[in-house]
Amino acid sequence: MTQEQLSLVSDYVEDILSWMKDKETSMVELQLLSPQLDHRRQLVAWSCSTAVQLKLSTQTVHLAVKLLDHFMAGHDIEDPQLYLVCLGCLQLAAKIHEKESNIPRGSQLISLLPEPLSLSAFLSLEFVMLSF
C-alpha cells in the first residue's frame with residue numbers, strides 16, 4: 001500500500017471507531033430482569049457445547065450470549081422456544097464473526113434442537129430478532 005492509501009484507511013478506521021463509540025454510548029443499559037433468567041446458565045452451557053459442535057469461535061459465542069441476554073430481557077419466551085432463540089443468536093453471531101464457509105445453515109441448526117421445528121419457523125425467528 002502506498003502512503004496515501006494508508007492515510008485513507010486510517011481515516012476510515014477512525015470514522016468507524018467514532019461511530020461505534022457513539023452507538024455504544026446510546027445503547028440502553030441491559031437489565032437482567034428476564035422471566036427466563038433462571039434458565040440462563042443452562043442455555044449458555046448448551047450454546048457453548050453447540051458452538052463447539054459447529055466449530056464456531058469464542059468471539060461468536062460471546063456475541064451470541066450477549067444477543068441472548070438482550071433478546072431475553074425484552075421478551076417472555078416459552079420454555080420450548082428457548083433453545084430456538086439460542087440457535088438464532090448463534091447464527092446471527094456467526095454471520096458477524098465467522099467466515100462465510102463456517103456460518104451454519106438453518107437446516108443444520110434446526111437438526112440440533114431437542115424438538116423438531118420447521119425451517120420457516122427458524123427463519124421467522126431470525127427476522128424477529130433482527131427487528132428487535
Q | T50 and its side-chain contact (heavy atoms from CB on, under 4.5 Å) partner, picked from L56, L90, L113 | A |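 Exactly one pass, corresponding to L90.
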
Measure the [atom1]-[atom2] distance between [X] and [Y] for me, rounded to the nearest 0.5 Å.
X    : Y    : atom1 : atom2 : value
S111 : L109 : OG    : CG    : 7.5 Å
Q81  : D76  : CD    : CG    : 12.0 Å
C86  : H39  : SG    : NE2   : 11.0 Å
L84  : L125 : CG    : CG    : 4.5 Å

Are [X] and [Y] linked, directly or through other ILVMFWY residues, by side chains that come within less than 4.5 angstrom of each other?
X    : Y    : answer
L112 : I103 : no
L54  : V65  : no
M129 : V61  : no
F127 : M72  : no
W46  : V44  : no

Q.
How close do A64 and C89 get, counting heavy atoms only, and between which atoms?
A.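 That closest heavy-atom pairing would be O-CB, 3.5 Å.
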
Q. How far apart are the C-alpha atoms of I96 and Q59, what are their side-chain angles, what is the distance that settles it, and do they pass the side chain to side chain contact (heavy atoms under 4.5 Å, CB included) test?
A. CA-CA 10 Å; I96 293 170; Q59 293 164 321; over 6 Å; no

**Q.** side chain to side chain donor-acceptor pair (under 3.5 Å) contacts touching residues 83-99 (sequence neighbours left out)
**A.**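 As it turns out, the side chain to side chain donor-acceptor pair (under 3.5 Å) pairs with a partner in residues 83-99, which skip direct neighbours, are Q42-Y83, S57-E98, T60-E98, K95-E126, E98-N102.
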
Q. Is there side-chain contact between V85 and L68, with at least one heavy-atom pair below 4.5 Å?
A.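 They are in contact (side-chain heavy atoms under 4.5 Å apart), so the answer is yes.
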
